[in-house]
Amino acid sequence: MGWTDVGILMLAVPVAPLIAVSIFGPVGMAAFAAAMPAHLASKEGGAPVALLATLTTGLGGMVAIGNPVMALMVAGCLAVMTAIAAHHRLARPAMRAVLTWCLFTSPLLPSDDLPLLFALYLAGMIWSIAVTAIASRIKEPEAQGRQSRTYSFTFGAVFGIGLVATVWAGQHFFGEHGFWLPLTFVIMALPPYGGILGRSIKRVLATVLGTLMALGVSALALPSFGVIALALAAFPLAFRFIPRSNFTGVTLLTFTIVEGLSLISDIDMLALDRVETAILASVMTFGLWLLASGALLLLKPKAMREAMGEDS
């Protein structure tokens, strides 16, 4: 990302959540759950697609929050939505919204005032898209062909299995940090899929490095404002490096997340959960990719070329 785009992202994404959290407390993080996907999806698929995806996942979040069984059911429904989007070559914008929907599967977001939670979610979405539009960064809608039904169905089935499984495993084995498992899975599942093994390994190594950096800073016993300052400094740098150096970007982004959450959680437990979820998500993603690849090669080799990026 160029520095101009990084500056627009910093205005579109963190501003609304920071204001919301300072006024309303942890419930204000709902604004982040909307602002991030709204900005990125509007840059990739246009404002209507961003609005549709963000609203759909926001409503899904209201249904899933505080209810583990409903979270699993919503995960399956969101996988169907993403498969339909994939058929129209809009999988990535849809998956941006599913990414932050994973926050609603953890107890980090309070569920005792859903009207306020959803109002802040909508406010974050509106703010983000408005900033992106004013900055002329919204992608203009364009006519696009459709991907094969075989690819779309296979993608939806595999993505659905992975999303439901990671939500369930996150709930049962990683406590309040369980959202990291489905979130990491969604990131790794973003198409295209050329070189997915190498990408997965690099992401795990970058996650480990970012976590070690956060542990190193914690050993310095800095005051809270120092931790916040470091996290805020690393956040724009992370997006500056993506996609030029995804390894560096993921390292800095991991550092930002772990440092930020260390203010409200034990950093040793944070570090362990972050590394474990990254490894597990990587293994699951690669395993499901092998399953999907075998199915596509048997059913429709042309669809396999779409998945590998020749037609992403």
Side-chain angles (χ1 to χ4, degrees), residues 29-30 32-34 36-38 40-41 45 49-50 52-88 90-111 114 117-118 121 125 151-191 193 196 200 273-274 276-289 291-292 295:
M29 282 303 295
F32 174 79
M36 176 67 88
L40 296 177
V49 171
L52 180 60
T54 310
L55 282 173
T56 301
T57 51
L59 291 170
M62 297 303 106
V63 175
I65 192 168
N67 192 324
V69 176
M70 288 305 300
L72 297 176
M73 297 178 71
V74 171
C77 293
L78 291 179
V80 174
M81 176 199 77
T82 308
I84 294 171
H87 185 57
H88 296 276
L90 293 169
R92 289 179 66 88
M95 293 171 77
R96 299 295 190 191
V98 176
L99 185 90
T100 52
W101 170 82
C102 299
L103 293 172
F104 291 99
T105 67
S106 79
L108 290 178
L109 280 175
S111 58
L114 291 184
L117 188 74
F118 194 48
Y121 184 92
M125 178 190 69
Y151 168 81
S152 304
F153 178 82
T154 304
F155 169 82
V158 171
F159 183 66
I161 292 170
L163 187 59
V164 172
T166 51
V167 169
W168 180 88
Q171 292 171 343
H172 285 78
F173 301 113
F174 296 101
E176 66 178 12
H177 307 133
F179 72 93
W180 263 333
L181 184 56
L183 185 151
T184 307
F185 168 73
V186 175
I187 292 174
M188 292 183 174
L190 284 167
Y193 301 107
I196 190 170
S200 299
D273 285 349
R274 186 66 197 102
E276 286 181 344
T277 53
I279 294 172
L280 182 56
S282 178
V283 171
M284 289 187 65
T285 304
F286 187 66
L288 289 170
W289 176 80
L291 178 64

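Remember, it's a predicted structure, so these values are computed and weren't measured experimentally.
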Next item on the list: Would you give the length of the straight line joining atom CD1 of I65 to atom CE of M70, rounded to the nearest 0.5 angstrom?
Entry: 13.0 Å
Margin query: Just to verify, what does F185 make a ring pair (Phe, Tyr, Trp, His ring centres under 6.0 Å) with, not counting sequence neighbours?
Written below: F159
Item checked: side chain to side chain contact (heavy atoms under 4.5 Å, CB included) involving L280 - partner list, sequence neighbours excluded -> F174, L181, M284
Next item on the list: Go through the structure and list residues passing side chain to side chain donor-acceptor pair (under 3.5 Å) with R274, not counting sequence neighbours.
Entry: T184, T277
Next item on the list: For T56 and L52, indicate whether the former's side chain and the latter's backbone hold a donor-acceptor pair under 3.5 Å.
Entry: yes
Next item on the list: Can you see which heavy atom on T285 is nearest to which on A189, and at what distance?
Entry: CG2-N, 4.4 Å
Check: Which atoms form the tightest heavy-atom contact between F104 and G61, and what is the distance?
Finding: CG-CA, 3.5 Å
Notebook entry, point to check: Would you say M81 and V98 make side-chain contact, with heavy atoms under 4.5 Å?
Noted result: yes
Note to self: How long is the straight-line distance from CE of M95 back to CG of L190, given to the nearest 0.5 Å?
What the structure shows: 4.5 Å
Note to self: Checking I161 now: which residues fulfil side chain to side chain contact (heavy atoms under 4.5 Å, CB included) with it, not counting sequence neighbours?
What the structure shows: L288
Note to self: Which residues pass the ring pair (Phe, Tyr, Trp, His ring centres under 6.0 Å) test with F118, not counting sequence neighbours?
What the structure shows: none
Check: Under the side chain to side chain donor-acceptor pair (under 3.5 Å) rule, what pairs show up with a residue in residues 100-111, not counting sequence neighbours?
Finding: none
Margin query: How close do A94 and A53 get, counting heavy atoms only, and between which atoms?
Written below: CA-CB, 4.2 Å
Notebook entry, point to check: Taking only residues two or more places apart in sequence, or in another chain, which ones meet L183 in a side chain to side chain contact (heavy atoms under 4.5 Å, CB included)?
Noted result: L99, C102, F179, I187
Note to self: My understanding is that only residues two or more places apart in sequence, or in another chain, count here; which of them pass ring pair (Phe, Tyr, Trp, His ring centres under 6.0 Å) with F153?
What the structure shows: none
Item checked: Shortest non-hydrogen separation from V164 to A75 and the atoms involved -> CG2-CB, 4.0 Å
Next item on the list: Please identify each residue that fulfils side chain to side chain donor-acceptor pair (under 3.5 Å) with S200, with sequence neighbours left out.
Entry: none
Note to self: Testing the basics here: between A33 and L103, what is the closest heavy-atom pair and its distance to 0.1 Å?
What the structure shows: CB-CD1, 4.1 Å
Next item on the list: Apply side chain to side chain contact (heavy atoms under 4.5 Å, CB included) to M29 and list each qualifying residue two or more places apart in sequence or on a separate chain.
Entry: V21, F32, L109
Note to self: Applying side chain to side chain donor-acceptor pair (under 3.5 Å) as the test, list every pair that has at least one member in residues 57-82; sequence neighbours left out.
What the structure shows: T57-Y121
Check: Which pair of non-hydrogen atoms, one from P93 and one from V49, has the smallest distance, and what is that distance?
Finding: CB-CG1, 3.8 Å
Check: Tell me, which pairs form a salt bridge (charged side-chain N to carboxylate O under 4.0 Å, His left out) where one or both residues lie in residues 60-76, sequence neighbours left out?
Finding: none
Next item on the list: Might you work through the side-chain contact (heavy atoms from CB on, under 4.5 Å) test for R92 and L40, ending with a clear yes or no?
Entry: CA-CA 9 Å; R92 289 179 66 88; L40 296 177; over 6 Å; no
